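Since the structure comes first, as structure tokens, the remarks are kept for the end.
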Amino acid sequence: MVALRDVDVPVLPLDRFRPLVGEERYADLQATARLTREAVRGRTVWTLNSTAAGGGVAEMLRVLVGYGLGTGLHVRWQAISGDEPFYAITKRIHNRIHGSPGDEGGLGPAEANHYRSVSEENATAFLGEARPGDVAILHDPQTAGMSRPLAEAGVHVVWRCHIGADLSNRWTEEAWRFLLPELRAAQAFVFSRQAYVPAELSTARVSVIPPSIDPFSPKNYDMSSEAVAAVLQAIGVLGGPPDVPATFARFDGTQGTVARRATIIGEDHGLDPSQPLVVQVSRWDRLKDMAGVMAGFAEGVAERSDAHLVLVGPAVDGVADDPEGAEVLAECASAWHRLRRQQRRAISLVTLPMDDVDENAAMVNALQRQATVIVQKSLFEGFGLTVSEGMWKAKPVVASAVGGIVDQIAAGTGVLLDDPTDLEQFADVLVDLLRRPEDAIGIGDRARRHVIHHFLGDRHLLQLARLIGELLD
Ligand code: UDP
């Protein structure tokens with residue numbers, strides 16, 4: 001018998017949104033929270049996914065569940081379990097929904113049988129605690145197979161899909177052929193973008209709810225410039241000893257101190273704080289094109305500006321489930337070694353320790369805040385949270401016009417690159433922004449306002465609450 005793991009999350013107070021979003025919007029949030037509490041009365045709202053930590057979905061659930069509890073709802077989060085073949089199948093589905101094969105395995109009757117038997121076991125374990133009338137929000141392909149047994153037991157099932165591709169091909173079609181029969185019993189669906197909704201669900205109850213960022217989390221809370229400098233000195237990106245302790249605010253409200261250093265490949269250890277920085281923060285994934293950012297900057301920016309490029313990603317050592325990360329970082333490192341000295345001096349590769357997620361988030365926060373320009377030159381992107389993270393920090397973001405990035409950058413709030421492989425255009429855009437700081441500041445200010453309007457957690461909660469209200473109506 002499989003066991004579900006309860007994931008505990010601190011309660012987050014809703015009223016901290018009030019000064020940020022204004023009275024009217026806050027009143028709307030409160031009114032919706034009240035209606036949802038009435039609709040939900042006595043029931044539990046469950047959220048189920050495959051992991052308690054690691055990855056964007058878990059990070060987002062931590063925030064949504066925290067605020068859900070803050071509205072007074074009875075919310076519980078459980079992580080399902082499965083065996084290796086089960087996760088091989090769900091990873092294959094994941095890759096194929098993104099349009100690539102992933103591996104050579106199939107998605108035939110044998111895989112469907114195994115997927116169903118693990119899903120049934122998780123559903124049985126879940127139904128030991130849930131009651132008819134409860135609401136279960138199932139996330140991503142790993143939990144889709146629980147829809148039917150849960151619905152048969154009288155649970156309201158919502159399936160939320162965090163992935164998708166702009167265009168369909170044989171792989172996306174194969175993945176959806178596998179998943180859609182598993183989802184027949186779901187009452188409602190949530191996708192991050194309209195373009196990701198498969199045609200077969202066009203008559204279903206579908207809500208498009210884009211992801212959001214939490215303005216108060218360690219990744220995004222407003223850090224003073226002294227605190228930013230102290231964190232960046234403590235990790236070794238800026239030179240000199242910190243003037244103040246390198247402290248940061250943890251997710252649970254307590255204070256942490258940066259204890260670990262970044263690993264840096266660069267000529268200068270410890271940059272000057274006054275030097276303009278161009279920053280891309282990504283996993284070491286080929287589709288994020290860190291190598292392309294480096295090549296474009298080396299050829300077209302390094303000798304035309306005094307800016308420094310910092311490519312930032314998570315540490316790859318010990319990440320056994322991401323062999324590609326180490327490979328991509330090694331490729332970037334050898335490309336860096338092949339640059340001319342002058343170019344090398346303008347570029348650093350920074351990997352951040354992942355041992356403590358809040359500490360890692362504070363490092364990312366400080367790097368994004370120190371940036372003059374933020375880049376996200378992905379070749380493919382699901383949503384691209386780093387774009388909203390940069391915009392929230394009032395930075396001009398230069399990013400590829402792919403996937404969800406297009407939904408985030410509106411006219412005048414950043415720069416979209418039509419062709420992310422055009423390195424000359426990329427370099428020209430950067431040089432132009434670096435030479436016109438007034439324009440860059442204007443773009444950054446509009447970007448922050450745009451994110452406050454569209455991509456903060458209160459909007460996200462409101463959309464989810466409305467969906468739950470409609471479902472129970
Ligand atoms: N990120 C991080 N530490 C790192 C590198 C990335 O916390 O060393 C975060 C980044 O700030 C963002 C998330 O990982 O919140 C990546 O999400 P995004 O949607 O940009 O891309 P994904 O990795 O989901 O493809």
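When reading the values below, keep in mind they use all heavy atoms of this one structure, side chains included, and skip hydrogens, waters and symmetry mates. Just so you know, ligand 1 is whichever comes first in the structure, and atom 1 is the first atom listed for that ligand. From a predicted model like this one, the values you see are computed outputs, not experimental measurements.
Within the 4.0 angstrom cut-off, atom 24 (O) of ligand 1 has no protein heavy-atom neighbours. Under the 4.0 angstrom criterion, atom 13 (C) of ligand 1 counts as lacking any protein heavy-atom contact.
The residue among Gln368, Arg283, Lys288 with a heavy atom at the shortest distance from atom 21 (O) of ligand 1 is Lys288.
Closest to atom 15 (O) of ligand 1 among all protein heavy atoms lies Glu389 OE2, 2.5 Å. The protein heavy-atom contact nearest to atom 9 (C) of ligand 1 is Lys219 NZ, 3.6 Å. Protein heavy atom at the shortest distance from atom 16 (C) of ligand 1 is Thr386 CG2, 4.5 Å. Scanning the protein for heavy atoms near atom 6 (C) of ligand 1, the closest one is Val281 CG1, 3.7 Å. Among all protein heavy atoms, the one lying closest to atom 3 (N) of ligand 1 is Asn360 OD1, 3.0 Å.
Residues that satisfy the ring pair (Phe, Tyr, Trp, His ring centres under 6.0 Å) test with His162, not counting sequence neighbours, are His139.
Pairs of residues two or more places apart, or lying in two chains, never qualify as ring pair (Phe, Tyr, Trp, His ring centres under 6.0 Å) while including a residue from residues 384-427.
His460 and Ser212 share a donor-acceptor pair across their side chains, judged by distance under 3.5 Å alone.
Counting heavy atoms from C-beta outward, Leu107 and Ile89 have side chains that approach closer than 4.5 Å.
Using a 4.0 Å cut-off between charged nitrogen and carboxylate oxygen, Asp103 and Arg96 count as a salt-bridge pair.
Here Phe17 and Phe216 bring their ring centres to under 6.0 angstrom of each other.
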